[in-house]
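When a ligand or atom number is given, it counts from 1 through the structure's own listing order.
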Amino acid sequence: MVAKYFFVLCLLVCIVEAQAQYVVFNVMNYGAKSDGQTDNSGAFLKAWYDACKWNGKSTMFIPEGTYMLNEVIFSGPCRGTTNFKLKGLLKAPIDPYSIKKDWINFRYVDNLIVGGGGGVLDGQGSYAWKTNDCRTNPNCRPLPTTMSFDFITNGYIHRMRSVNSKQGHFVMYGCQNMILTKLKIIAPSDSPNTDGIKMAKSHGINITNVNIGTGDDCIAILSGTRHLRISDVFCGPGHGISIGSLGKYEGEENLSDIHVKNCTISGASNGVRIKTWASQLKNSLVASDIVFEDIIMNNVQNPIIIDQRYCPVAPCTYKGASNVQISNVSYKYIRGSGNGEVAVSINCSEKKPCQNIKLDNINLWPSGGKGTLRNECSFVNGASYGPQNPPSCI
Ligand SMILES: *[C@@H]1O[C@H](CO)[C@@H](O)[C@H](O)[C@H]1NC(C)=O
Ligand SMILES: *[C@@H]1O[C@H](CO)[C@@H](O)[C@H](O)[C@H]1NC(C)=O
Ligand SMILES: *[C@@H]1O[C@H](CO)[C@@H](O)[C@H](O)[C@H]1NC(C)=O
Ligand SMILES: *[C@@H]1O[C@H](CO)[C@@H](O)[C@H](O)[C@H]1NC(C)=O
Ligand SMILES: CC(=O)N[C@H]1CO[C@H](CO)[C@@H](O)[C@@H]1O
């Protein structure tokens, strides 16, 4: 009687368990070759097609091995939850111009899981950086992103490594409700434009437990980002965690509700930065409700910076004050060392002075330990709270 009861229970549990399982579409069954030479884009796209149309939970699985992969677009909508499980190493073609836009693109998918197996994306960028560096080559072109997400909703991007992207590593556009976690992002500090994670027009993105060392912004937060949470990110080398640049193009959207917490920035050119162009756009843009909290700076050139005359490449012909309004920005419990002369540089627009900027418990000292740093502010309204080293300029 008892045995029978347990048998029935097991039967129920087992059925429920089986339904929770993901049906696996292994790329090897679609003719993939892990010899590091053969282009696997055809095999991967066929596996994606079957995984995507599966009415339930499905996994497109890439086992261990090295796979050469040309440009691929994994497009939805899919019927269930689709898991792109990467254990292997994917290699991009060396020639950047063989890729039209991005190397690996996911678009229009709801309930997407990517990564999970500790696999690696190798963008093989070094040839592209040398031949297409805009600092030296006037004919430079935009280069492919390693992995991009367009219009993804409910995404979980995790346990994966991206090395040597040609341009950005991970880029999101028009996405909603995404978690990015347990990622490692690596490129040399002098590799041009290799942003770690970049987003625009995306809402509800959470980035946590990510380690980024790259040649451009660790995280770049562009036009139209809202409800962003960043925590436990280690950044450096790189250009820091940046909001912007903003105010260069018509049609940009406001940014709001951005919280960056519990991060360490090490050996980077900037810590936490907001940058806007000094050009007069017709539409006025607002960046507001921004919190930087519990950030450790370690030998950072510009630990806290707002620059409303952003212009990275000369000649910078000044075209009038920035039309971007920056409001309600708090810097709380920011401590550590800087290797420039200035700890806090808040240089706002004379036309739209920054409003309600708060400096709360700031302690920044020179990397060598000797002397002091200074702060500079222009066109800033706000207040400071708690101890301030160097003395607050607000
Ligand atoms: C992101 O984090 C916030 C705050 O911790 C949480 O409320 C929200 O549900 C998270 N979003 C996702 C997509 O998990
Ligand atoms: C940005 O916000 C301001 C103030 O809320 C609003 O007037 C403006 O239209 C918004 N701009 C855009 C591009 O949405
Ligand atoms: C800034 O915060 C104040 C007080 O919370 C609020 O009234 C105001 O609307 C906020 N400004 C923007 C641009 O969000
Ligand atoms: C700050 O702004 C002033 C103009 O208001 C400009 O002359 C100065 O060079 C700026 N400083 C920095 C560090 O950008
Ligand atoms: C990246 C970073 O600074 N993470 C820190 C978050 O807070 C915990 C607890 O204080 C630290 O151990 C982490 O190093």
Side-chain angles (χ1 to χ4, degrees), residues 81 109-114 149 152-158 172 174-185 196-197 199-213 218-219 221-238 240-241 243-244 246-268 271-272 276-277 280-300 303 322-329 332-337 349 351-352 354-356 361 363:
T81 293
V109 186
D110 182 32
N111 296 311
L112 173 70
I113 305 170
V114 177
F149 301 94
I152 303 299
T153 49
N154 303 305
Y156 189 63
I157 318 303
H158 69 138
M172 286 171 277
C175 294
Q176 275 188 53
N177 300 325
M178 306 266 289
I179 297 173
L180 286 81
T181 187
K182 297 185 184 148
L183 302 174
K184 199 164 166 67
I185 296 174
I197 298 173
M199 74 204 78
K201 302 201 175 169
S202 293
H203 307 158
I205 310 287
N206 287 4
I207 301 172
T208 184
N209 204 341
V210 172
N211 193 315
I212 308 169
C218 288
I219 301 181
I221 302 157
L222 300 180
S223 153
T225 300
R226 285 190 275 150
H227 313 307
L228 169 66
R229 298 289 174 268
I230 296 175
S231 64
D232 230 302
V233 168
F234 188 94
C235 160
I241 297 177
I243 297 180
L246 304 173
K248 189 175 190 187
Y249 305 104
E250 298 291 347
E252 289 183 29
E253 290 176 6
N254 289 342
L255 291 82
S256 65
D257 190 21
I258 294 165
H259 290 214
V260 180
K261 255 177 92 166
N262 186 213
C263 296
T264 296
I265 301 176
S266 239
V272 291
T276 81
W277 292 80
Q280 283 172 314
L281 291 182
K282 269 179 256 114
N283 71 335
S284 63
L285 207 61
V286 180
S288 62
D289 192 0
I290 299 166
V291 179
F292 298 104
E293 190 174 357
D294 269 311
I295 316 278
I296 296 176
M297 303 286 175
N298 198 342
N299 201 28
V300 171
S322 176
N323 207 15
V324 180
Q325 175 70 64
I326 297 173
S327 300
N328 297 354
V329 184
K332 298 189 217 176
Y333 298 98
I334 302 196
R335 62 198 183 278
S337 61
S349 164
K351 190 167 144 207
K352 300 247 171 110
C354 291
Q355 300 298 336
N356 192 22
N361 276 272
N363 187 9

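Residue A287 comes nearest to L246 through the heavy atom pair CB-CD1, 4.2 Å, listed as atom of the first residue, atom of the second, then distance. K248 and E252 make their closest contact through N-OE2, 3.0 Å (heavy atoms, listed as atom of the first residue, atom of the second, distance).
Atom 10 (O) of ligand 5 lies below 4.0 Å from none of the non-hydrogen atoms of the protein. For atom 7 (O) of ligand 5, the nearest protein heavy atom is under 4.0 Å away.
A side-chain N or O of D110 and one of N154 form a donor-acceptor pair less than 3.5 Å apart. If you check the side chains of N356 and N328, you find a donor sitting under 3.5 Å from an acceptor. No hydrogens or angles considered: nothing links the side chains of K332 and N361 as a donor-acceptor pair under 3.5 Å.
The closest approach between any non-hydrogen atom of Q325 and ligand 2 is not below 4.0 Å.
In this comparison of T264, I265, D232, the heavy atom closest to atom 3 (O) of ligand 5 sits on T264. Checking D294, N262, N209, N298 against atom 13 (C) of ligand 5, the nearest heavy atom belongs to N262.
Taken from OG1 in T264 to CG in D294, the straight-line distance is 10.0 Å, to the nearest 0.5 Å. In this structure, NE2 in H203 is found 7.5 Å from OG1 in T225, a value given to the nearest 0.5 Å. M199 CE to I219 CD1: the interatomic distance, rounded to the nearest 0.5 Å, is 6.0 Å.
Residue contact check: E252 has heavy atoms under 4.0 Å from atoms 13 (C) of ligand 2. Those atoms of ligand 5 with a heavy atom of V233 less than 4.0 angstrom away are 1 (C).
Contact annotation: the side chain of T208 never approaches that of R229 to less than 4.5 Å [non-hydrogen atoms, C-beta and beyond].
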Extract all N/O-N/O pairs under 3.5 Å that connect ligand 1 to the protein, and present each with both atom names and the distance rounded to 0.1 Å.
unit_1	atom_1	unit_2	atom_2	d
ligand 1	2 (O)	N206	OD1	3.4
ligand 1	2 (O)	N206	ND2	2.3
ligand 1	11 (N)	N206	ND2	3.0

